[in-house]
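Presented below is the structure to which this report refers.
Naming: A, B, ... by sequence-line order, numbering from 1 per chain. Quick caveat: nothing in here was measured; it's all calculated off a predicted structure.
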Amino acid sequence: MIQRPRGTADRLPDAAAAWRLVAETFQRECELRGFAPISTPTIERTELFTRTTGDATDLAQKEMYTFEDRGGDSLTLRSEGTAPVVRAYVQNGLHNLLQPVKLYYITSIFRYDRPQAGRYREHHQIGAEALGDPSPAVDAEVIDLLWSTYRAMGIDDLRLELNSLGDPETRPAYRQALVDYFTPLADSMDFESRERLTTNPLRILDSKNPAVADLCEGAPRSLDYLSEPALDHFEELKELLKALDISYTINHRLVRGLDYYNRTVFEFVPPDAGSQSTVGGGGRYDYLAELMGADHVPGVGFGSGIERVLLNLERCGTSAVDPRSTEVYVAPLTDGAVADAMRLTRQLRDAGIAVECGFRGASPRSHLRRASRSQARAAVLIGTRESERGVVAYKPLDGAAQMEVPRVDAVNRILAVLGDES
RNA sequence: GUGGGCGUAGCUCAAUCGGUUAGAGCGUCUGGUUGUGGCCCAGAAGGCUGGGGGUUCAAGUCCCCUCGCUCACCCCA
């Protein structure tokens with residue numbers, strides 16, 4: 001049997017309610033803030049990701065689903081949410097809209113990685129980006145959106161971690177400070193971290209290797225290397241979060257996995273931080289547009305993994321209820337009644353009632369069993385006895401008395417009865 | 001890419017020391033007098049025991065390979 005590709009998942013109907021809860025909650029919070037939906041292609045030119053994400057990142061080095069199409073172009077499945085949205089902003093001239101342009105998306109993300117708990121090769125993210133405004137209030141707006149979304153779903157114990165990476169001008173100095181600090185300690189560091197000494201020293205900070213983690217305690221802090229404007233930006237953001245009653249902790253080791261961030265970076269993590277702890281995270285990326293050859297476009301945004309949100313939903317005991325869908329089950333008792341059963345089904349649906357129809361003549365017992373299991377509120381039986389007398393039998397499934405209604409008037413009568421009950 | 005654990009029916013699991021025709025519960029379908037659901041009862045369908053090779057009189061069981069799942073590392077959401 002052909003099986004689904006590794007690291008992918010079939011989402012079966014019983015998961016629908018929870019997914020709908022996440023999507024609808026997020027959409028509502030977005031609409032409350034004037035964020036508009038955007039969607040971008042599943043495939044992008046490979047350079048979009050390689051040039052923005054950073055060469056030394058794992059994402060660019062080994063996690064991209066890249067292929068050559070028949071025309072010889074190198075394309076990559078969306079490995080990240082932000083760069084495509086920034087590309088779309090630039091390509092479609094959205095700088096002509098009122099700034100900042102506030103966008104949100106619900107989309108799939110592809111990364112070639114060994115699957116494990118909370119990690120897939122195809123996963124889904126809710127995400128938002130606010131483009132065209134450098135002020136810290138926009139950072140606060142975006143953080144507030146994600147924080148409020150979690151809260152609205154009953155996830156209220158995530159810790160917001162915050163840091164600032166400063167601007168490109170000050171990055172080299174900080175980077176050098178880290179190199180100076182870690183180089184003498186290289187012997188007690190793991191291979192990966194030693195590699196990063198030359199490729200990406202910032203990333204040493206979020207190593208989970210205990211020995212390296214200890215060394216990081218004394219490492220230089222990016223906040224100490226911020227320029228005056230970047231420091232002001234960070235201070236203002238903290239003030240705004242305070243005003244919004246959003247508590248946070250400063251995490252000096254928070255650097256995020258993508259290179260394009262500057263100034264604000266943040267993550268939401270659960271209290272019992274396991275290995276796949278980050279539920280959502282993001283930051284400011286004022287220079288991302290330039291990396292793809294566009295003019296300067298300041299921006300800030302986040303992505304949050306839906307599968308991980310679901311994990312936390314469960315942990316916090318939030319349960320999503322399926323709305324009962326089928327209201328009426330129409331049961332033909334003979335094969336000869338199927339046509340009229342389907343016609344009545346159509347008429348009821350046209351009147352806005354959710355109806356399921358039994359597809360072949362069968363005993364009342366058989367049909368009523370199915371009707372019960374379909375969660376319908378009532379069954380309509382059509383047999384020879386009914387057809388001969390021009391009626392149908394209407395049977396509420398809550399134990400109330402069965403009644404006969406004229407076939408010609410069936411839709412109106414059923415509408416009336418259903419209306420009375422609800 | 002590296003390491004650990006696990007693969008028996010759609011699901012959750014049995015199957016003695018290697019020994020007959022691989023079982024159960026749940027679920028599915030059908031039936032339980034004449035045209036009436038849930039509960040209950042009965043019956044049926046459903047298995048290349050993940051796949052391949054080996055050892056053996058005999059393999060679900062032991063060995064090797066492989067594939068898959070899973071957990072962790074790396075990294076991320």
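- Separating the C1' atom of U8(B) from that of G3(B) is a span of 27 Å, rounded to the nearest Å.
- The phosphate of U28(B) (OP1 or OP2) has a side-chain N or O of Arg373(A) nearer than 4.0 angstrom.
- Under the Watson-Crick or G-U wobble criterion, with both distances below 3.5 Å, G43(B) is paired with C29(B).
- Candidate nucleotides U30(B), A72(B), G1(B) were compared by shortest atom distance to the side chain of Ser366(A), and U30(B) ranks first.
- Distances from the side chain of Ser372(A) to the nucleotides C76(B), G37(B), U70(B) place G37(B) closest.
- For the C1' atoms, the distance from A59(B) to C64(B) is 15 Å, rounded to whole Å.
- A centroid separation of less than 6.0 Å is found between the aromatic rings of Tyr174(A) and Tyr225(A).
- C29(B) sits 7 Å from A45(B) when the C1' atoms are compared, rounded to a whole Å.
- We find that Glu63(A) and Arg121(A) are not joined by a salt bridge, their nearest charged nitrogen and carboxylate oxygen being 4.0 Å or further apart.
- Nucleotide U34(B) is matched to nothing when pairs are restricted to Watson-Crick or G-U wobble geometry with both distances under 3.5 angstrom.
- C69(B) and C11(B) are spaced 16 Å apart, taking the C1' atom of each and rounding to whole Å.
- Comparing C17(B) with G1(B), their C1' atoms sit 42 Å apart, to the nearest whole Å.
- OP1 or OP2 of C73(B) has at least one side-chain nitrogen or oxygen of Gln116(A) nearer than 4.0 Å.
- Residue Phe268(A) forms a ring-ring contact (aromatic ring centres under 6.0 Å, His included) with just one option from Tyr248(A), Tyr150(A), Trp147(A), and that option is Tyr150(A).
- When Watson-Crick and G-U wobble pairs are counted only if both distances are under 3.5 Å, A77(B) pairs with no nucleotide at all.
- Here the shortest heavy-atom pairing between Arg256(A) and Phe266(A) reads CD-O, 4.0 Å.
- Under a 4.0 Å N-O distance rule, the pair Glu29(A)/Arg33(A) qualifies as a salt bridge.
- Across all strands shown, A15(B) has no partner, as no Watson-Crick or G-U wobble contact with both distances under 3.5 Å is found.
- In the set A72(B), A77(B), G37(B), G37(B) carries the atom at the smallest distance from any side-chain atom of Lys395(A).
- Annotation: U2(B) and U61(B) have their P atoms spaced 28 Å apart (nearest Å).
- Stacking is not found between His367(A) and the pyrimidine-like six-membered ring of the G37(B) base under the 5.5 Å centre-distance and 30° plane-angle cut-offs.
- Of the candidates G35(B), G37(B), C71(B), the closest approach to any side-chain atom of Arg369(A) belongs to G37(B).
- When the side-chain nitrogen and oxygen atoms of Arg114(A) are compared with OP1 and OP2 of C73(B), none of them lie within a distance under 4.0 Å.
- Nucleotides G18(B) and G54(B) have their C1' atoms positioned 15 Å apart, rounded to a whole Å.
- Checked against G1(B), G32(B), G35(B), the side chain of Asp113(A) finds its nearest nucleotide in G1(B).
- Of all nucleotides present, only G5(B) satisfies the Watson-Crick or G-U wobble test against C69(B), with each distance under 3.5 Å.
- Using P as the reference atom, C62(B) and A77(B) are 43 Å apart when rounded to the nearest Å.
- Donor-acceptor pairing under 3.5 Å is lacking for the side chains of Glu68(A) and Ser74(A).
- Nearer the 5' end of RNA chain B, as judged by each residue's closest nucleotide, is the contact made by Thr384(A), out of Thr384(A) and His124(A).
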